[in-house]
> 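Okay, handing you the structure first.
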Amino acid sequence: MTYGAPPSGQPRQNPSSGDENQWAPPQQRVPGTAGDPQGPSVGHPHGTAVPQYSAPQSTPAAPAVPHIPQQPAAPGTLRPPQPPGHTGQPYGTAPGYPPPGYPPMYPPPGDGRRQRRVVLSLVVVLLCALAFSVSAVVASNGHSAALGPAAIPSPTDGDDPQVRVDYLGARADAMLEEHSDALLADDEAGWLEIFDESLHDDMSQQFDGLRAMEVSQYEYQRQHDPVERDTDRFEMRLAASYCFGGTVGEECAASTIVFDTMWADDDDGYRIVEVSESDQVGPRPWEVDDIKAVSGEKVIVAAPARYADELERALPEAEAAAENADQYAVYGEVEKYIIFLAGDAEFSKWYGLEGANMDNVVGFAMPVPMLGENGQLQQGGSEVVMHVDRVRDDVEFTSTMRHELGHVATLHHSPEHVPLEEDWWMVEGVAEVIDHGPETPLDGYLRKSDVAAYIDEDLWNNDLVPAFSGDDALTGSAKYGIAMYSVYYLFQEYGKDKFMDLFERVARKGEDPDASAQAVYGMSYDALVTECTDFVAEVAG
C-alpha cells in the first residue's frame with residue numbers, strides 16, 4: 001500500500017511465501033544476479049523520519065517479523081481471518097517501501113522556526129507485503145459476448161455434477177459482463193440487477209463512487225469455479241480490474257481488487273447475496289465510503305462526502321504536483337494520478353491498514369496490484385492518500401503531494417517493484433529531490449541542520465545504509481536528508497539520465513548494484529557511494 005518510514009510502534013505486515021508467489025521475499029540481493037523480489041517496503045515520510053536499515057549481511061537476514069504466509073481465502077469464507085501475527089499493515093517502516101528490518105518512523109525535521117509534522121509517505125511494495133498470492137487459476141469465461149445469461153442451457157437430471165458447476169459459472173460470467181457494462185454506461189438499475197435487494201443501498205453507494213471517479217474500465221474474472229456451500233448457495237472469488245479517468249473501450253493500466261461473493265440460486269433467481277470487502281490491499285475507498293471526486297488533466301482527487309468541500313481547493317495543488325512528477329515518469333506514463341483526501345476514520349480502514357498505528361501519518365502512496373495475463377496479481381500503479389486534518393498549511397500539503405507523486409512516477413508499473421533495503425536511499429532520495437527540485441540551491445533545504453547535527457554528534461557511520469542509532473526526530477530526518485543530498489549530487493554531477501538508468505536497474509529491476517554502477521557510471525558501486533557520502537559531509541558540514 002508506500003515509501004518512507006512509519007511512526008514509532010508501526011505494525012508490520014507479513015509477506016507471503018512459497019513457490020506459487022513470485023513476490024516471496026529473499027532478504028538480500030545476490031551479487032551479480034538480477035536480485036529476487038524482496039519483501040514489503042514501507043513508507044516515506046515527507047519531512048518525516050526514515051526507515052532503519054539492517055546492516056549488510058553475508059547471509060540472508062531473518063525478517064523483522066515472523067514470516068507467515070497469507071493463504072488465499074478459503075472458498076466460503078467471505079471475511080477470512082488473518083493469519084497469526086497479521087497486523088493489517090506491511091511490515092517495515094509503515095505501509096510502504098522499505099523491506100524487513102526497518103525501524104519505526106520518526107518525527108519530522110525542524111526548519112529553525114518550527115517543527116514540521118510527521119508526513120509519512122507510505123509506499124508499500126505491496127505484492128510481498130500484503131501477500132498477493134492468488135493460487136487458483138482464473139477460470140476461463142465459458143461464454144461469448146453475444147450469449148446472454150438466459151440463453152445458457154440449464155443442466156438436466158442425471159448430468160454429471162460438473163455440468164451444473166459449469167452452468168453456474170457460465171451464467172455468472174455473462175451476468176458479470178452485463179453488470180460491468182451497466183456501470184460504464186451509467187446504468188444504475190442495470191448495475192444493481194445482479195445483487196439481492198438487501199445489498200442495493202451499499203452497491204448504489206459504490207456505483208456512485210465509481211462513477212464519480214470516472215471509471216473507464218471494470219472487468220471481472222472468476223478465480224475459481226462456483227463452490228457449493230449450502231443448498232442453493234455458491235461461493236465465487238472475483239477479481240475486478242478497473243481504470244479511472246480514461247476513455248471507455250481504450251486500453252489502460254488497470255488496477256485490481258479481489259473479493260469473495262456468495263450467490264443464491266433459488267425461487268428469487270440467480271444473484272449475489274453477499275459481498276466481502278476486497279482483501280488484497282483493500283478495502284479501497286469506494287467500497288466502504290460515500291466518495292465524491294473532481295478531476296483535472298492529470299489527476300483525480302476524491303474524498304468521503306464529509307471532505308467534499310476540500311476537493312476544489314486541493315485540485316490545483318495536485319495538478320501542479322502531477323506536472324512536476326511527470327518529468328520523472330521516464331519508465332512509462334502515469335495516465336492519471338489518483339489522490340484521496342481522508343481523515344482518521346479512513347486511515348484506520350482503507351487499504352488493509354485497520355489496526356495499524358497511523359496516528360502520525362500525513363500522507364502515503366499505496367501500491368495496488370494489477371491482474372496479469374496468467375491470472376496472478378502483479379505490481380501495478382499506486383494511489384495516494386492525504387490526511388487533510390493533519391496538514392498544517394499549503395506549503396506542507398504541496399511538499400507532501402510532490403514527494404508522494406514522485407514515488408508514483410518513479411515506481412509506476414515497475415518490473416518487480418521490490419527495492420531492497422540497501423536501495424532505500426535511491427527511492428526516498430529521488431522523491432525528496434522531486435519535491436525540492438534538482439536545480440534548486442540547497443541552502444533552504446529544511447533537513448540541512450538535522451543532517452549537520454547528526455554528523456556532528458558522530459551518529460553517522462558514513463554510509464548510505466547507516467545503522468539506526470535512535471528513534472528521535474533528528475535521526476529520522478537526517479536519514480532522508482542524507483538520501484536527498486546523495487541523489488541531488490548524482491543529478492548535479494552526472495545528470496538526471498544516468499541516475500534514472502541506475503534507478504531502473506537497481507531499484508526497479510533488482511539488478512546487481514556494482515555491475516549497474518559500472519555500466520552507468522564506469523565505476524564501482526562502492527566508489528559511487530563514497531562520492532555521495534563525501535558530498536553529504538561537505539554540504540552539511
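Just so you know, residue 1 is the first one in the sequence shown, and it goes up from there.
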> For the residue pair Glu504 and Tyr331, confirm or rule out a side-chain donor-acceptor distance under 3.5 Å.
no
> So among Trp350, Phe340, Phe364, Phe347, which one has a ring-ring contact (aromatic ring centres under 6.0 Å, His included) with His387?
Phe347
> Among pairs that include at least one residue of residues 337-352, which meet salt bridge (Lys or Arg N to Asp or Glu O under 4.0 Å), considering only residues two or more places apart or in two chains?
Asp289-Lys349, Arg306-Glu346, Asp344-Arg390
> Minimum heavy-atom separation for Met500 to Val330, with atom names?
CE-CG2, 3.9 Å
> As an exercise, state the distance from NZ of Lys479 to CG of Leu459, rounded to the nearest 0.5 Å.
8.0 Å
> Could you walk me through whether Arg447 and Glu432 pass the salt bridge (charged side-chain N to carboxylate O under 4.0 Å, His left out) check?
CA-CA 11 Å; Arg447 298 186 191 276; Glu432 286 279 286; 3.1 Å; yes
> For atom CD of Glu323, decide whether the heavy atoms of other residues, nucleotides or ligands shown that lie under 6.0 angstrom number more than 12.
no
> Tell me the closest heavy-atom pair linking Ala517 and Leu528, and the distance in Å.
CB-CD2, 4.5 Å
> Minimum heavy-atom separation for Asp450 and Ala478, please, with both atom names.
O-CB, 3.9 Å
> Any chance you could lay out the side-chain contact (heavy atoms from CB on, under 4.5 Å) test for Ser382 and His407, step after step, and finish with the verdict?
CA-CA 8 Å; Ser382 299; His407 281 313; over 6 Å; no
> Are any of the side-chain heavy atoms of Phe499 and Pro438 separated by less than 4.5 Å?
no
> Does any N or O in the side chain of Ser477 come within less than 3.5 Å of the main-chain N or O of Leu474, such that one atom is a donor and the other an acceptor?
no
> Side chains of Tyr337 and Asp326: any donor to acceptor distance under 3.5 Å?
yes
> Enter the distance from Ile339:CD1 to Glu317:CD here, rounded to the nearest 0.5 Å.
11.0 Å
> Measure the shortest side-chain to side-chain distance between Gln518 and Ser524 over non-hydrogen atoms and say whether it is less than 4.5 angstrom.
yes
> Can Met484 and Leu442 be said to form a side-chain contact (heavy atoms from CB on, under 4.5 Å), step by step?
CA-CA 10 Å; Met484 188 275 190; Leu442 292 174; 3.8 Å; yes
> Is Lys298 reaching over with its side chain to a backbone N or O of Val334, donor-acceptor style, under 3.5 angstrom?
yes
> Rounded to the nearest 0.5 Å, what separation is found between the CG atom of Asp501 and the OH atom of Tyr521?
8.0 Å
> Cation-pi check, Lys292 to Tyr307: give yes when NZ or CZ is under 6.0 Å from the six-membered ring centre and within 45° of the ring axis, no otherwise.
no
> Between Tyr445 and Tyr485, how do the two ring planes meet: parallel, tilted or perpendicular, split at 30° and 60°?
perpendicular
> With rounding to the nearest 0.5 Å, note down the distance linking OG in Ser278 to CH2 in Trp286.
7.5 Å
> Taking side chain as C-beta onward, heavy atoms only, is Asp394 less than 4.5 Å from Arg313?
yes
> Test side-chain contact (heavy atoms from CB on, under 4.5 Å) on Ile455 and Ile482; report intermediate values, then the result.
CA-CA 10 Å; Ile455 294 173; Ile482 290 169; 5.7 Å; no
> Does some side-chain heavy atom of Pro367 sit less than 4.5 Å from a side-chain heavy atom of Val281?
no
> May I ask you to decide if Val385's main-chain N or O and Glu404's side chain share a donor-acceptor pair within less than 3.5 Å?
no
> Would you mind writing out the side-chain donor-acceptor pairs for residues 243-258 within the sub-3.5 Å range, not counting sequence neighbours?
| unit_1 | atom_1 | unit_2 | atom_2 | d |
| --- | --- | --- | --- | --- |
| Thr256 | OG1 | Ser241 | OG | 3.0 |
| Thr256 | OG1 | Leu371 | N | 3.0 |

> Is it true that a side-chain atom of Tyr488 and a backbone atom of Thr440 form a donor plus acceptor pair closer than 3.5 Å?
yes
> So, do Trp460 and Thr533 sit near enough that their side-chain heavy atoms are less than 4.5 Å apart?
yes
> Using only atom types and a distance under 3.5 Å, with no angle test, would you say the side chain of Ser399 pairs donor to acceptor with the backbone of Val395?
no
> Can you measure from CD (Glu310) to CZ (Phe397) and round to the nearest 0.5 angstrom?
8.5 Å
> Do Val451 and Val536 touch side chain to side chain, with heavy atoms closer than 4.5 Å?
yes
> Taking all atoms of both residues into account, what is the closest heavy-atom pair of Ile291 and Ala302, and its distance?
CG2-CB, 3.8 Å
> At what distance, to the nearest 0.5 angstrom, does CG of Asp309 lie from CG of Leu341?
11.5 Å
> Are any non-hydrogen side-chain atoms of Tyr242 and Met213 less than 4.5 angstrom apart?
no
> How close do Val430 and Val487 get, heavy atom to heavy atom, and via which atoms?
N-CG2, 3.8 Å
> I'd like to know if the side chain of Lys336 reaches the main chain of Glu297, judged simply by a donor and an acceptor atom lying under 3.5 Å from each other, with no hydrogens or angles considered.
yes
> Ignoring hydrogens, what is the shortest heavy-atom contact between Ile434 and Gly406? Give both atom names and the distance.
CD1-CA, 3.7 Å
> Any non-hydrogen side-chain atom of Val427 less than 4.5 Å from a side-chain atom of Phe503?
yes
> What class does the angle between the rings of Tyr525 and Trp425 fall in, given that below 30° is parallel, 30 to 60° is tilted and above 60° is perpendicular?
tilted
> Between Glu531 and Tyr494, is the side-chain contact (heavy atoms from CB on, under 4.5 Å) condition met? List the steps.
CA-CA 12 Å; Glu531 285 194 12; Tyr494 299 104; 2.7 Å; yes
> Does the side chain of His403 pick up a donor-acceptor pair with the side chain of Glu428 at under 3.5 Å?
yes
